[in-house]
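What's counted below: heavy atoms across the whole structure, side chains too, no hydrogens, waters or symmetry copies.
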Amino acid sequence: MSPGPPPRAVVRTTLIVGLIALAVYLIYLLRQPITWVIIAAFIAIAISGPINALEARIHRRGVAVAVVYLLLVLLPLGLVAMIVPPMARQGAALARNLPDYASEASDFVTNNRTLRGLNEDFDLTGKLQEQAGKLPGRIGDAAGILGNVGLGLVNSIFALVTILILSVFLVGSGKRWVDAAISMRPPPQSMRLRRTVERIGAAIGAYVAGALAQAIVAGVTSFIVLSILGVPFAAALAVLVAAFDLIPLVGATIGAVIVGVVTLFSDFPTDTIVWVIWSVIYQQIENTLIQPQIQRRAVDVHPFVVLTAVLCGSKLFGVLGALLAIPLAASVQIVIREFLRLRRYEDPEAPLPDPDGGDGPGAGPAGTGPGPPAAVAA
């Protein structure tokens, strides 16, 4: 009978398993603040390029940081101020005019033989007019719903402020922390780590710039089409389309559907038909031409990996996970490439030549990638 494992090995294995389980449990308990820190790091990396560019012009880093963060806060507020009031007015007008719309629909059904037969069997117009007549009186009942929405909005604002403060700290001290951690390794390893960090920063910055460029194209083209059609609030709707276009895969479709609903009350059916045709054509162009070019130049991630990452991220963390999935996939790809490049050399401590100028976007010669670092320079 073979002897069992020594007691020391059993104790050591038990402690390791217990510590791993404890770490996983702590990560689960702290998932919200950990998520906030990840978002803050993403924001710090994304705005490092504008901060560095502005600092190079005015030679005052504090002012550059303040200006960029001020724009970061004011831009969403301006977009909300542009979109929400028109939408609220249109919603109130729809609630007031819905009985008239129901009456018109009833007249249309009465004048159509096929629809008239269905109406006689199921009383569709009667039910529609009944519900339309109740709608204006139900507007006051929305106060409770708005209260819950207001509470959620307050919590979201608190989270946003916390994330912005965390990102400010990362912008101010992040590079020093990264440099201190990298300097603890031997020179060959520190060079590889620094190159990896710089390429990850370059990939994230390029992804954000590419996503913004794609959203701007979608917003501008939508504004042109809506203006030609004469749809009211074309600018606000175009901004809405651009904002939804930032969401991978489904964002453009959601924005197009929302605008399509608005066109129903503009010049139906002409505006709606034109908008649907335009949306289908543009999304095909975006999916087959614009988006692949941007992703290839920005993050150099295979479309299969992009789709898988977005699906997994959206399933785990919703819209936020979908937004962060592609840069995270690009970062993991860069780490894997550096690891595979290391494995090609027999001496693990030898510096690695990089004759092709790097794998990732924005990468330069070994250890000197020109892209923005993981956190902007202090």
Legend entry - Verify same cluster id: L240, V257 (apolar side-chain graph, 4.5 Å): no

Inset, instruction - Determine whether V280 and V231 fall in the same hydrophobic cluster, where Ile, Leu, Val, Met, Phe, Trp and Tyr are linked whenever their side-chain heavy atoms lie under 4.5 Å apart. - result: no

Legend entry - For P232 against L237, the heavy-atom pair lying closest together: O-CD1, 3.7 Å

Legend entry - Heavy-atom check, side chain of I204 versus side chain of S331, under 4.5 Å: yes

Inset, instruction - Working to the nearest 0.5 Å, report the span between OG1 of T221 and CD of E286. - result: 8.5 Å

Inset, instruction - Output yes when a side-chain donor or acceptor of R31 lies under 3.5 Å from a complementary backbone atom of Y28, and no otherwise. - result: yes

Inset, instruction - Drop me the distance from I165's CD1 to L170's CG, to the nearest 0.5 angstrom. - result: 12.0 Å

Legend entry - For the student: nearest non-hydrogen atoms of R199 and I334, plus distance: O-CD1, 3.4 Å

Inset, instruction - Working to the nearest 0.5 Å, report the span between OG1 of T272 and CD1 of I277. - result: 11.0 Å

Inset, instruction - Supply the atom-to-atom distance N52 CG to I47 CD1, rounded to the nearest 0.5 angstrom. - result: 10.0 Å

Inset, instruction - Check the pair Q214, L246 against side-chain contact (heavy atoms from CB on, under 4.5 Å), reporting the backbone distance first and the verdict last. - result: CA-CA 8 Å; Q214 177 179 314; L246 293 172; over 6 Å; no

Inset, instruction - Of all the heavy-atom pairs spanning A234 and L226, show the shortest one and how long it is. - result: CB-CB, 3.8 Å

Inset, instruction - State plainly whether one hydrophobic cluster holds both I281 and V225, where clusters connect Ile, Leu, Val, Met, Phe, Trp and Tyr through side-chain heavy atoms under 4.5 angstrom apart. - result: yes

Inset, instruction - With side-chain hydrogen bond (donor to acceptor under 3.5 Å, both in side chains) as the test, would you mind laying out the steps for S167 and Y69 before giving the verdict? - result: CA-CA 10 Å; S167 68; Y69 270 93; 2.8 Å; yes

Inset, instruction - Heavy atoms only: give me the nearest S222-W275 pair and the separation to one decimal. - result: OG-CH2, 3.8 Å

Legend entry - Transitive ILVMFWY side-chain link Y282 to L229, under 4.5 Å: yes

Legend entry - CH2-CD1 distance between W278 and I285, expressed to the nearest 0.5 angstrom: 6.5 Å

Legend entry - Verdict with reasoning, R194 to D179, per side-chain contact (heavy atoms from CB on, under 4.5 Å): CA-CA 8 Å; R194 190 177 304 279; D179 290 341; 2.8 Å; yes

Inset, instruction - Write down the atom of A238, the atom of F223, and the distance for their closest heavy-atom approach. - result: CB-CB, 3.6 Å

Inset, instruction - Could you walk me through whether I43 and L166 pass side-chain contact (heavy atoms from CB on, under 4.5 Å), step by step? - result: CA-CA 10 Å; I43 293 175; L166 289 173; over 6 Å; no

Inset, instruction - Kindly compute the distance separating OH (Y207) from CG (L212), expressed to the nearest 0.5 Å. - result: 9.5 Å

Inset, instruction - May I ask you to test the V63-L54 pair for a side-chain heavy-atom distance under 4.5 Å? - result: no

Legend entry - For I163 against A40, the heavy-atom pair lying closest together: O-CB, 3.5 Å

Inset, instruction - Assess whether atom CZ of R60 is packed by more than 12 heavy atoms of other residues, nucleotides or ligands within 6.0 Å. - result: no

Inset, instruction - Establish whether I58 and L71 are linked, either directly or via other cluster members, by ILVMFWY side-chain heavy-atom contacts under 4.5 Å. - result: yes

